[in-house]
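Predicted model only: the values in this text are computed from it and were never measured. Numbered from 1 within each chain, the chains take letters A, B, ... in sequence-line order.
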Protein chains: 2
Amino acid sequence: MTPDDFHLSSFLPYRLAVMSERVSRRLSVEYGRSHGLVVAEWRVLVHLLRCGAVSVRDIHNCVNLEKPRVSRAVSRLEMEGLVQKSQGEGDGRLVAISLTDAGRRALADIIPAATRIEEHLTAAVSAEDLDAFFRVMEHMHSVLDEDPEAKPRPTMDFNRGSEVMP
Amino acid sequence: MTPDDFHLSSFLPYRLAVMSERVSRRLSVEYGRSHGLVVAEWRVLVHLLRCGAVSVRDIHNCVNLEKPRVSRAVSRLEMEGLVQKSQGEGDGRLVAISLTDAGRRALADIIPAATRIEEHLTAAVSAEDLDAFFRVMEHMHSVLDEDPEAKPRPTMDFNRGSEVMP
DNA sequence: TCAATATCATTTCAAATGCAACGAATTTGG
DNA sequence: CCAAATTCGTTGCATTTGAAATGATATTGA
């Protein structure tokens, strides 16, 4: 491949960035207009719905956000009454962050719309193509997992050890 | 789908964001460490390699960057001698931005490494899966194209009209 | 036991970001 | 021909960002 044949528009990292940003922005219209949330707050809320009372560190590990960003998102959400912080039981450094009822209500409002957008994106895609799509995604992750220059893959919110609020 | 079954880690927009950011960061190690570039500057350089002398507006339309970001990226690149600005011929508002020899040399340095990363990501993927992958990407774009709430898809750097430096 | 080290959440601070406003140049329409 | 409206690139400004520092708590190991 000579450098002259190099196109941004066919370059995989660029195509991923464009797609990701386009989808992300479309989604943010949903939680932004209806509840004034930004992406960091949305991710924190969703993580809490699944994982209950967790620490900032745990959120940081699971939702691909830097720690300060999580900390600030949690503060804003607390001010708006969507989450609550309480002193962790054992370790005094940890903060136990959990959803309030208002937070749960907000999610109950947003999640159906978010799911609708997601489904709409792939509604006309065949099961085979969709399988292949995620197979390729998974493969790219595994390539990066082997690459010492790449950042580790974020922890998934399932199949984690017992390090959630020890 | 009840809200309780909603997982961030299986949510398509989130998965796209994680993959995109991971790939993008890995790539930025390449042009960052070797030439001190950031992603905006990298995109501008690549676009110029393909499209010659173009305006800020044209770059903005083609590389998915806001206009101020393009303007500032071009300024930095000019300071470092990788691009040059000249008065556009006809329209006095337009600025004709083009690569310098140093800019071309930088690209000749970076592009092979970037291509290697891209190839490595999909080297072990079957042609069928890769086709399916891009088919799904294209379909998601076409869904967003129909969505009035979504931002328009950026112009590709090929098959554009003659609106490049009219 | 207790000093040294590590981890947690937050804050600091400088840089990046993007919307909106701006001045300059061009196009439009009367 | 010229006033109004549009488009260009840049800059102002408030917000967001994240790496590093901070202070508080835990853990380690001698």
Check your understanding: If two hydrophobic side chains count as joined below 4.5 Å and joins carry through other members, does V125(A) share a cluster with M140(B)?
Key -> yes
Exercise for review: Check every atom of dA6(C), dC8(D), dG18(D) against the side chain of R69(A) and return the nucleotide holding the closest atom.
Suggested key: dG18(D)
Check your understanding: Rounded to whole angstrom units, what separation is found between the NE2 atom of H60(A) and the P atom of dG18(D)?
Key -> 11 Å
Check your understanding: If you find the nucleotide of DNA chain C closest to R25(A) and the one closest to V74(A), which residue's nucleotide is nearer the 5' end?
Key -> V74(A)
Check your understanding: What is the distance, rounded to the nearest whole Å, between atom CD of Q87(A) and atom P of dA9(C)?
Key -> 10 Å
Exercise for review: Tell whether R72(B) reaches the base of dG9(D) with its side chain through a donor-acceptor pair below 3.5 angstrom.
Suggested key: no
Exercise for review: Indicate yes or no: at least one non-hydrogen side-chain atom of H139(A) is less than 4.5 angstrom from one of T122(B).
Suggested key: no
Review point. Which nucleotide in the list dT10(C), dG18(D), dC19(C) gets nearest to the side chain of E66(A)?
Key: dG18(D)
Practice item. Report yes if a side-chain nitrogen or oxygen of K67(B) is closer than 4.0 Å to either non-bridging phosphate oxygen (OP1 or OP2) of dA21(C); otherwise report no. Key: no
Check your understanding: Taking NZ from K85(B) and P from dC8(D), how many angstroms apart are they, rounded to a whole number?
Key -> 16 Å
Check your understanding: What is the distance, rounded to the nearest whole Å, between atom CG of L65(A) and atom P of dA9(C)?
Key -> 14 Å
**Study point:** H47(A) side chain to D58(A) side chain, donor-acceptor N/O pair below 3.5 angstrom
**Key:** yes
Study note, to complete from the structure: note: D91(B), atom CG; dT6(D), atom P; distance rounded to Å ~ 17 Å
Review point. Should S71(A) be listed as having a side-chain N or O under 4.0 Å from OP1 or OP2 of dT10(C)?
Key: yes
**Study point:** Shortest non-hydrogen contact from V38(A) toward Y31(A)
**Key:** C-CE1, 3.8 Å
**Study point:** Base dG23(C) paired with R93(B) side chain (donor-acceptor, <3.5 Å)
**Key:** no
Review point. Any side-chain heavy atom of E30(A) within less than 4.5 Å of one from R116(A)?
Key: no
Point to revise | Which residue lies more 5' along DNA chain C, comparing R57(A) with G92(B) via nearest heavy atoms | key: R57(A)
Review point. Which nucleotide, dG18(C), dG9(D), dA20(D), lies nearest any side-chain atom of L94(B)?
Key: dG9(D)
Exercise for review: Verify the contact: side-chain N or O of S75(A) to OP1 or OP2 of dT10(C), cut-off strictly under 4.0 Å; return yes or no.
Suggested key: no
